[in-house]
There are 2 protein chains.
Amino acid sequence: MATLHELSEFRRPLPINLANRPTASNCDDCGARHSGLCNALTDDELEFLTRAAQRVSLAPGTVFVEEGEKASYFYNINQGNVRLFKSLPDGRRQITGFAGPGYFLGLAAGENNAFSAEAMDHVKLCRFSRASLMAVFEELPVLERKLLDVAMHELVLAQQQMLLLGRKTAIERIASFLLAWAERLEICPAGRLPAPNAVMKLPLSRTDLADYLGLTIETVSRSLSQLKRDGIIDIPNIHEIILTRPRALSEIAEAAV
Amino acid sequence: MATLHELSEFRRPLPINLANRPTASNCDDCGARHSGLCNALTDDELEFLTRAAQRVSLAPGTVFVEEGEKASYFYNINQGNVRLFKSLPDGRRQITGFAGPGYFLGLAAGENNAFSAEAMDHVKLCRFSRASLMAVFEELPVLERKLLDVAMHELVLAQQQMLLLGRKTAIERIASFLLAWAERLEICPAGRLPAPNAVMKLPLSRTDLADYLGLTIETVSRSLSQLKRDGIIDIPNIHEIILTRPRALSEIAEAAV
DNA sequence: ATGCGGCTTTGATCCATATCAAAAGGAAAA
DNA sequence: TTTTCCTTTTGATATGGATCAAAGCCGCAT
């Protein structure tokens, strides 16, 4: 069974916020007061939801959702990062997204999963059987609304990514990605630019980056090098980027005329 | 105000079907008994929903959803076809989907619309203000479930498209598209192949096709010509395709090894 | 019928990115 | 420290699809 702490956040960056529960109690696990879904629920409701979840711990590299398999579960990530992807028989891979702590996952599925999911590092998550979560909806309609919000936000991101994959050049893809990643890390509010010289962790291999952006690792590397040469970013080490001139980055990303 | 007929179908091809209303009355407009959402509702509920919708008629070429504008409405298409797309300032365009009769539209939006929508021919649709539809949820939770199903199905399609745009070759994109279009036209059930020599209407310009598949019109034309040369399809006229050998098409689309 | 204009196809060439190859880090083991 | 192995960067070359150009096709108005 899962704890309040583990359920506390159903994906932070949502387009529509639910009202906070005014007198939320502090978390049994960590003492903090959690934002997100839980604050919209009563204690009884929370208890109800908690019973529907199993806690799971995954080693790095574990593929815990398999494309094409029967879609049996939803997941809420508490710790670690997950790669979502689709593959072709000859090994080509398209990463469709990355999910970190607070992300809710499993919506892109009908009868069967449309994607695979793999732990990038040590991952802890809450697992809900689809049937039990659907049953919970009867008691907690607010949860269904929350899921709809999550799905709608996913759709916005998916359409952005289609524009990127279908119509942007390599350097535009890299620039777009860096800015989107900054938003994701909450280095800046959605739709705003980060401050000049903002520092950003980027815990992805070049291979992941390439498979997410529809490029090869060589092109990713070359594009990053070019942005560095042009003084728009700096790369102190492989997993860190300094956004020296975010404005310039944004002009490239949006193909400003 | 909209009629039962106009509301009768909230997008046909759904991954999860709602139970039919056993004793659905026939449609006031057309006399037929409609499948889809309406059959899951009582007459009172239907009446309630009907009041929340305005009927709208659009001339070909009308852009009735503008990317970046405040997202105020959802739409349910009754007649005609719609292009959904995103653009870059220099005119590059990525079509993210096509919506025909029965399609529900407007989910890919947070505060603002993530896409634009344009009537491809004469379109009739029902328009719901977001606020009023949200209000309807209180009375008709089944509607919210339905919308979640629609959104989940959209996500499945979006991920398929990301794989196509990020990792498939031109000819694979064309082959994938033709099979997906056949499913959409219900020439074959989802996940199955059409019968050999199935005939298919394709009411899209090469430009639309190119902007949907992330290619140029020349490449679209060349790829279609090649499939024709190889005896896999036939093209009796611009807006009609014969799927001579669907199995071969599928092997190309899925990059079978 | 004839001619015009827009779409589509086909051909020739170019170029952005992939592919192939090798050198340069950088972390962990010996 | 040195070696090994793996990832990343950089360089050289190839190529799939874009771009540029022209010819075909077809509907429509005259």
Side-chain angles (χ1 to χ4, degrees), chain A residues 60-61 83 88 90-95 120-121 164-178 201-230 232-241 252-253 255, chain B residues 60-61 83 88 90-95 120-121 164-178 201-230 232-241 252-253 255:
Chain A
R83 220 182 337 255
L88 289 171
D90 62 6
R92 277 174 284 172
R93 185 178 72 158
Q94 179 66 40
I95 294 181
M120 296 169 75
D121 43 27
L164 181 150
L165 293 170
R167 288 300 183 212
K168 290 191 179 178
T169 66
I171 200 141
E172 288 166 357
R173 295 183 198 203
I174 295 286
S176 303
F177 168 78
L178 291 175
K201 290 251 177 258
L202 186 60
L204 302 177
S205 70
R206 297 294 185 248
T207 302
D208 279 341
L209 219 35
D211 284 349
Y212 184 54
L213 299 177
L215 300 169
T216 58
I217 53 172
E218 293 94 333
T219 300
V220 167
S221 181
R222 274 186 251 271
S223 302
L224 285 169
S225 297
Q226 186 184 327
L227 289 173
K228 182 174 177 178
R229 249 197 325 280
D230 296 348
I232 293 173
I233 63 172
D234 202 6
I235 311 177
N237 67 69
I238 300 264
H239 293 301
E240 207 166 282
I241 304 269
I252 294 172
Chain B
R83 220 182 338 254
L88 290 171
D90 61 6
R92 277 175 284 172
R93 184 177 75 156
Q94 178 65 41
I95 293 182
M120 297 169 75
D121 42 28
L164 182 149
L165 293 170
R167 288 301 183 210
K168 289 191 181 178
T169 65
I171 199 138
E172 289 166 356
R173 294 181 198 203
I174 295 287
S176 303
F177 168 78
L178 290 175
K201 290 251 178 259
L202 187 59
L204 303 176
S205 70
R206 297 293 185 250
T207 303
D208 279 342
L209 219 35
D211 283 349
Y212 183 53
L213 300 177
L215 300 169
T216 59
I217 53 172
E218 293 95 333
T219 300
V220 167
S221 182
R222 274 187 251 271
S223 303
L224 285 169
S225 297
Q226 187 185 327
L227 288 173
K228 182 175 176 178
R229 250 197 324 280
D230 297 348
I232 294 173
I233 63 173
D234 202 6
I235 311 177
N237 68 70
I238 300 265
H239 292 302
E240 206 166 281
I241 304 269
I252 294 172

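A, B, ... follow the sequence lines: proteins, then strands. Residue 1 opens every chain.
Residues D208(B) and M120(B) form a side-chain contact, since some pair of their non-hydrogen atoms from C-beta on lies under 4.5 Å apart. Counting only heavy atoms from C-beta outward, the side chains of L88(A) and K168(B) approach each other to under 4.5 Å. A 4.5 Å side-chain heavy-atom check between Q94(B) and L165(A) finds every atom pair outside the cut-off.
Remark: D90(B) engages R92(B) in a side-chain hydrogen bond (donor to acceptor under 3.5 Å, both in side chains) (not counting sequence neighbours). Scanning for side-chain hydrogen bond (donor to acceptor under 3.5 Å, both in side chains) contacts around R206(B) gives an empty result, with sequence neighbours left out.
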task: Before giving the answer on side chain to side chain contact (heavy atoms under 4.5 Å, CB included), spell out for F177(B) and L202(B) the whole-Å C-alpha distance, their side-chain angles and the decisive distance to 0.1 Å.
output: CA-CA 11 Å; F177(B) 168 78; L202(B) 187 59; 3.7 Å; yes
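Protein atom CD1 of I235(B) is 19 Å distant from nucleotide atom P of dG24(D), rounded to whole Å.
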Might you list the N or O atoms of the protein lying below 3.5 Å from N or O atoms in nucleotides 25-27 of chain D, with each pair's distance?
none

With 3.5 Å as the limit, what N/O pairs link the protein to nucleotides 17-20 of chain D?
from	atom 1	to	atom 2	distance (Å)
dG17(D)	OP1	A170(B)	N	2.9
dA18(D)	OP2	T216(B)	N	3.4
dA18(D)	OP2	T216(B)	OG1	3.0
dA18(D)	OP2	T219(B)	OG1	2.3
dT19(D)	O4	R222(B)	NH2	2.9
dC20(D)	N4	E218(B)	OE2	3.1

Show the atom names and distances, to 0.1 Å, of all donor-acceptor pairs under 3.5 Å that link a side chain in residues 217-229 of chain A to residues at least two apart or in another chain.
from	atom 1	to	atom 2	distance (Å)
T219(A)	OG1	T216(A)	OG1	3.1
S223(A)	OG	T219(A)	O	2.8
S225(A)	OG	S221(A)	O	2.9

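The nearest pair of heavy atoms linking A255(B) to E172(B) is CB-OE2, 3.9 Å.
Looking only at distances, a side-chain donor or acceptor of R167(B) sits under 3.5 Å from a matching main-chain atom of L215(A). Judged by distance alone, with hydrogens and angles left aside, the side-chain atoms of E240(B) form no donor-acceptor pair with the main-chain N or O of I235(B) at under 3.5 Å.
Nucleotides of DNA chain C that come within less than 4.0 Å of any heavy atom of chain A span, from the 5' end to the 3' end, dT17(C) to dC20(C).
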